[in-house]
Engineer: 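My questions will all concern the structure given below.
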Number of protein chains: 2
Amino acid sequence: MSRVSEESGTAAKETTTERIPAALRREQILAAASRVFGERGYSGATTDQVAQAAGISQPYVVRMFGTKENLFLEVVARALDKLITTFRVVLAEPQPAGDDDADSLVARLGAAYVDLIEDRGILLSLMQAFITGHDPVIGAKAREGFLQIYRMLRDEAGFPPEIIRDFLANGMLFNTLLAIRLPDIFEDDEAAEELMRCAFRGKLDVVLDATGSHASHAMSAPTGTAGTHS
Amino acid sequence: MSRVSEESGTAAKETTTERIPAALRREQILAAASRVFGERGYSGATTDQVAQAAGISQPYVVRMFGTKENLFLEVVARALDKLITTFRVVLAEPQPAGDDDADSLVARLGAAYVDLIEDRGILLSLMQAFITGHDPVIGAKAREGFLQIYRMLRDEAGFPPEIIRDFLANGMLFNTLLAIRLPDIFEDDEAAEELMRCAFRGKLDVVLDATGSHASHAMSAPTGTAGTHS
DNA sequence: TCTATTTGTAATCATTCGATTACAACATTC
DNA sequence: GAATGTTGTAATCGAATGATTACAAATAGA
């Protein structure tokens, strides 16, 4: 795929180039960039790939955000905001009476985290930022973002360090399994299936759905959950 | 830093360009590449950076391995071998009588994993491979490598899936904390310190040592462990 | 309608980077 | 001590890519 804007491509992209308000176009670019950066990483992604995914020209992407780095930083900031907001919503919910505090709250936060997979690119863009810790600018933002999550879980959720550590550990495993594209081989490798059934539990369908890896295969618990419940 | 081989640089590199047997030079390149790829990732690293870290010219690096991709794949394969071997050594050890099986074995495997930080780049190169799962070639190798670890923990260590999941989760968190360079701000951020004390436990010194983040600071348990015990 | 602003692209530039080529210096063997 | 192989680099090529420029077309405001 070269640089010329050949209409009608095979990959998913925003078709039809019309005049759209800059603010809205900006959102489209950010959404496209989130997917592209999440997949290829900061260095691996190109502004042209983002442009094609957004259905516009490469110069427009660059002019809208000044630099590729600014675009990535904006994507990461948005992803972090979305994550923090999602957690705060869960924290604001009344906990289902009868459930013990911490244990159930952790489970609900974890479920909310997994559900973020629907907004493709958010989790992976964040992970890509974490992995780019060597970069002076991106690294600093990544560290601050990671610690912001930690402080939220400590100061707002009231978790002790050990609980937070385990929670973050599961999150990083989830990110890694997504990044390595393990869902792609769910049906072809028994070990992959076993690990993912164990790691994703009731959210297995959500993950396989979002990653486009087959459709139905349940076989776990007879507890409802037939279709997708986003 | 351009491309000409200016002798006497500031960064760590293999000085003095002498004639060295190809097999040995190959090892030097792999060691350098492990560090560079671990830091910058596959796309972010350049063959020239590897060459400078190895103290030789860029064309020599390319000719020795054919392509940058081959070099990365070799680095990752070596890292995986080292990891598997390390785990097998732990499994072959007689468990300290009196300790319950699984729990202590997990702890010893985890400690061995953290100690791999001494061989800089191994853990991060593996993590960088995982995160490059979108690439057809690298991704396939990464998935297979990840599953190889899983199968080893299941079939050789005899762990149930839940134990393996928790073990891998802690490993991914460890990798992420390293990649994001959290040790760099150990002294500057209380949340970072708290999280790392909790996540690294008795291995805190080993990590801070290996990452060059300050030297002594103990303050945890009065249980020996004064200096570095590699 | 005339002008100014906004929204967009084509063309292209300058740099970076993986790879190739050609060649030099050293070592080994007979 | 030539001949041959090994170890290494300088020079450079071509493609990729982030960024810039110049310009076109639509839109809004007077």
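By convention in this document, chain letters (A, B, ...) are assigned in the order of the sequence lines, proteins followed by strands, and residues within each chain are numbered from 1. Remember, it's a predicted structure, so these values are computed and weren't measured experimentally.
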Engineer: I want to verify a distance call: between C:dT7, C:dG18, D:dG18, whose nearest atom is closest to the B:Thr47 side chain?
Structural biologist: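 Between C:dT7, C:dG18, D:dG18, the one nearest the side chain of B:Thr47 would be C:dG18.
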Engineer: Return the value, rounded to whole Å, for the distance between atom CG of B:Leu24 and atom P of D:dT7.
Structural biologist: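 Rounding to the nearest Å, CG of B:Leu24 and P of D:dT7 are 11 Å apart.
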Engineer: Just compare C:dT20, C:dA10, D:dT9 and give me whichever is closest to any side-chain atom of A:Pro59.
Structural biologist: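 It is C:dA10.
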Engineer: Classify the ring geometry of B:Phe72 against B:Phe37: parallel below 30°, tilted from 30° to 60°, perpendicular beyond 60°.
Structural biologist: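 B:Phe72 vs B:Phe37 ring planes: perpendicular.
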Engineer: Rounded to the nearest angstrom, tell me the gap between atom CG in A:Asp48 and atom P in D:dA19.
Structural biologist: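 Taking atom P of D:dA19 as the reference, CG of A:Asp48 is at 13 Å.
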Engineer: Using side-chain heavy atoms (C-beta onward) and a distance below 4.5 Å, is B:Arg154 in contact with B:Arg151?
Structural biologist: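 Heavy-atom side-chain distance check passes, below 4.5 Å.
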Engineer: Rounded to whole Å, please give me the gap between CZ in A:Arg26 and C1' in C:dT6.
Structural biologist: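 Roughly 16 Å, once rounded to whole Å.
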Engineer: Considering only side-chain heavy atoms of A:Thr46, which listed nucleotide, D:dT7, D:dA26, D:dG18, is closest?
Structural biologist: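 When the side chain of A:Thr46 is considered, D:dG18 is the closest of D:dT7, D:dA26, D:dG18.
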Engineer: Output the rounded distance in Å from CZ (B:Arg40) to C1' (C:dG18).
Structural biologist: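 One finds 16 Å between C1' of C:dG18 and CZ of B:Arg40, rounded.
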Engineer: Kindly say whether, by distance alone, the side chain of B:Arg19 makes a donor-acceptor pair under 3.5 Å with the base of D:dT6?
Structural biologist: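 Counting by modelled atom types and ignoring angles, a donor-acceptor contact under 3.5 Å is found here.
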Engineer: Pick the closest DNA chain D nucleotide for B:Gln58 and for B:Pro21 by heavy atoms, then say which residue is nearer the 5' end.
Structural biologist: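 Residue closer to the 5' terminus by nearest nucleotide: B:Pro21.
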Engineer: Please report the closest heavy-atom contact between B:Ala169 and A:Asn170, naming both atoms and the distance.
Structural biologist: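 Taking every non-hydrogen atom into account, CB-N, 4.0 Å.
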Engineer: Mind listing the closest non-hydrogen atom pair of A:Leu91 and A:Ala157 along with its distance?
Structural biologist: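 Closest heavy-atom pair between A:Leu91 and A:Ala157: CD2-CB, 3.8 Å.
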Engineer: Measure from CZ on A:Arg63 to C1' on D:dA24 and round the result to the nearest Å.
Structural biologist: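 Taking atom C1' of D:dA24 as the reference, CZ of A:Arg63 is at 12 Å.
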Engineer: Can you find a donor-acceptor pair, distance only, under 3.5 Å between A:Arg25 side chain and C:dG8 base?
Structural biologist: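 Side chain to base: no pair present.
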Engineer: Over how many whole Å does the gap from B:Ile20 atom CD1 to D:dG8 atom P extend?
Structural biologist: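 Roughly 6 Å, once rounded to whole Å.
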Engineer: Minimum heavy-atom separation for A:Val36 and A:Ala45, please, with both atom names.
Structural biologist: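 Of all heavy-atom pairs spanning A:Val36 and A:Ala45, the closest is CG1-CB, 3.6 Å.
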Engineer: So A:Ala45, base contact, sugar-phosphate only, or nothing? Heavy-atom distance under 4.0 Å.
Structural biologist: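 A:Ala45: backbone/sugar contact only, no base atoms under 4.0 Å.
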Engineer: What is the distance, to the nearest angstrom, from the CZ atom on A:Phe37 to the C1' atom on D:dT17?
Structural biologist: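 In whole Å, D:dT17 C1' and A:Phe37 CZ are 13 Å from each other.
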Engineer: Please compare A:Ala23 and B:Gly44 by the position of their nearest nucleotide in DNA chain C and report the one closer to 5'.
Structural biologist: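 Looking at the nearest nucleotide for each, A:Ala23 comes out on the 5' side.
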Engineer: Would you jot down, in residue-number order, the residues of residues 64-74 of chain A having a non-hydrogen atom under 4.0 Å from DNA chain D?
Structural biologist: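 Output list: A:Thr67, A:Lys68.
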Engineer: Rounded to whole angstrom units, what separation is found between the OH atom of A:Tyr60 and the C1' atom of C:dA10?
Structural biologist: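 My rounded result for the distance is 16 Å.
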Engineer: Does any non-hydrogen side-chain atom of A:Phe130 lie less than 4.5 Å from one of B:Leu177?
Structural biologist: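 No; the side chains remain at least 4.5 Å from each other.
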Engineer: Determine whether a donor-acceptor pair (N or O, by modelled atom type, separation under 3.5 Å) exists between the side chain of B:Ser125 and the backbone of B:Ser34.
Structural biologist: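 Indeed, once roles are kept as given, a pair shorter than 3.5 Å links the two residues.
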